[in-house]
Amino acid sequence: MVSIPTVGIDGVPHPLPEGLPVLDVREPAEWAAGHIDGALHIPLSELPARLDEVPTEQTLVVCKVGGRSSQAVAWLTQQGRDVVNLDGGMLDWEAAGRPMVAEGDAPPYVA
């Protein structure tokens, strides 16, 4: 079994360090409702086809609660990427009062 590098919201610096890539693997509707500004959006199902878009430097991987992102981190680690799963995902991000942006005019929220 692959060990999954994981960090909780308390272990993520606020604000995020300059240049730390964030990969969001949620579905398009979830992304549109609210996401981390500057994050890269690649739905989990599209990751294999879009692997070359994933940064090679250490990347924080997020989903809603941490399940899909842990799957993504397991797979990306096998591909040689330096990735860390955000345990608790966007729900913990939102609960911690971290900033989010949404598509359109509605206030951001975690869908």
Side-chain angles (χ1 to χ4, degrees):
M1 175 146 175
V2 178
S3 82
I4 311 246
T6 300
V7 64
I9 191 68
D10 294 341
V12 177
H14 181 59
L16 287 174
E18 191 68 39
L20 174 72
V22 177
L23 171 62
D24 190 320
V25 297
R26 295 175 300 154
E27 293 304 306
E30 294 174 287
W31 166 266
H35 57 268
I36 298 167
D37 195 18
L40 172 65
H41 180 229
I42 305 178
L44 183 61
S45 61
E46 296 177 19
L47 257 187
R50 297 175 63 186
L51 175 62
D52 52 356
E53 294 177 45
V54 177
T56 51
E57 64 269 30
Q58 186 175 70
T59 301
L60 182 67
V61 184
V62 302
C63 67
K64 185 171 182 177
V65 293
R68 285 170 288 177
S69 53
S70 69
Q71 292 174 29
V73 165
W75 186 79
L76 287 165
T77 300
Q78 291 171 334
Q79 311 311 309
R81 290 301 205 271
D82 182 7
V83 284
V84 179
N85 180 40
L86 177 59
D87 186 42
M90 290 300 296
L91 288 175
D92 279 7
W93 181 274
E94 182 180 49
R98 300 288 183 101
M100 296 189 302
V101 294
E103 306 288 317
D105 299 327
Y109 69 97
V110 176

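Being a predicted model, the structure only gives us computed values, none of them experimental.
- Side-chain N or O atoms of Thr56 include none that pairs as donor or acceptor with a backbone N or O of Val54 at under 3.5 Å.
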Residues 6-15, side-chain donor-acceptor partners within the protein, below 3.5 Å, at least two apart:
| from | atom 1 | to | atom 2 | distance (Å) |
| --- | --- | --- | --- | --- |
| Thr6 | OG1 | Ile4 | O | 3.0 |

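- The shortest distance between side-chain heavy atoms of His35 and Glu103 falls below 4.5 Å.
- Ion pairing of Arg68 with Glu30 is present here, as a side-chain N (NZ or NE/NH1/NH2) and a carboxylate O approach within less than 4.0 Å.
- When side chains are defined from C-beta on, Leu86 does not count as touching Val61, because their heavy atoms never get closer than 4.5 Å.
- Contact of the Arg81 side chain with the Leu51 side chain is registered, since non-hydrogen atoms from C-beta on lie closer than 4.5 Å.
- Of the possible donor and acceptor atoms, one in the side chain of Trp93 sits under 3.5 Å from a partner among the backbone N and O of Pro99.
- Residue Asp37 holds its CG atom at 14.5 Å from CZ of Arg98, rounded to the nearest 0.5 Å.
- Atom CG in Asn85 sits 6.5 Å away from atom SG in Cys63 (nearest 0.5 Å).
- A 4.5 Å side-chain heavy-atom check between Leu40 and Thr59 finds every atom pair outside the cut-off.
- At distances below 3.5 Å, at least one donor-acceptor pair connects side-chain atoms of His41 with backbone N or O atoms of Arg26.
- The hydrophobic cluster containing Val110 does not contain Trp31, counting ILVMFWY residues as joined when their side-chain heavy atoms lie under 4.5 angstrom apart, directly or transitively.
- Nearest heavy-atom pair, Ala106 versus Ala102, reported as atom, atom and distance to 0.1 Å: O-CB, 3.6 Å.
- The shortest non-hydrogen separation linking Gln58 to Val84 is NE2-CG2, 3.6 Å.
- The two residues Pro28 and Pro43 come nearest to each other via the heavy atoms CD-CG, 4.2 Å.
- Linking Ile, Leu, Val, Met, Phe, Trp and Tyr residues whenever their side-chain heavy atoms come within less than 4.5 Å leaves Trp75 and Leu60 in two separate clusters.
- With a 4.5 Å cut-off on side-chain heavy atoms, Val83 and Pro5 do not count as touching.
- Across Leu76, Val73, Leu44, Ile42, a single residue satisfies side-chain contact (heavy atoms from CB on, under 4.5 Å) together with Val25, and that is Leu44.
- Here Lys64 contributes atom NZ and Leu91 contributes atom CG; the two are 5.5 Å apart, rounded to the nearest 0.5 Å.
- Across all their heavy atoms, Leu47 and Ala72 have their closest contact at CD1-CB, 3.5 Å.
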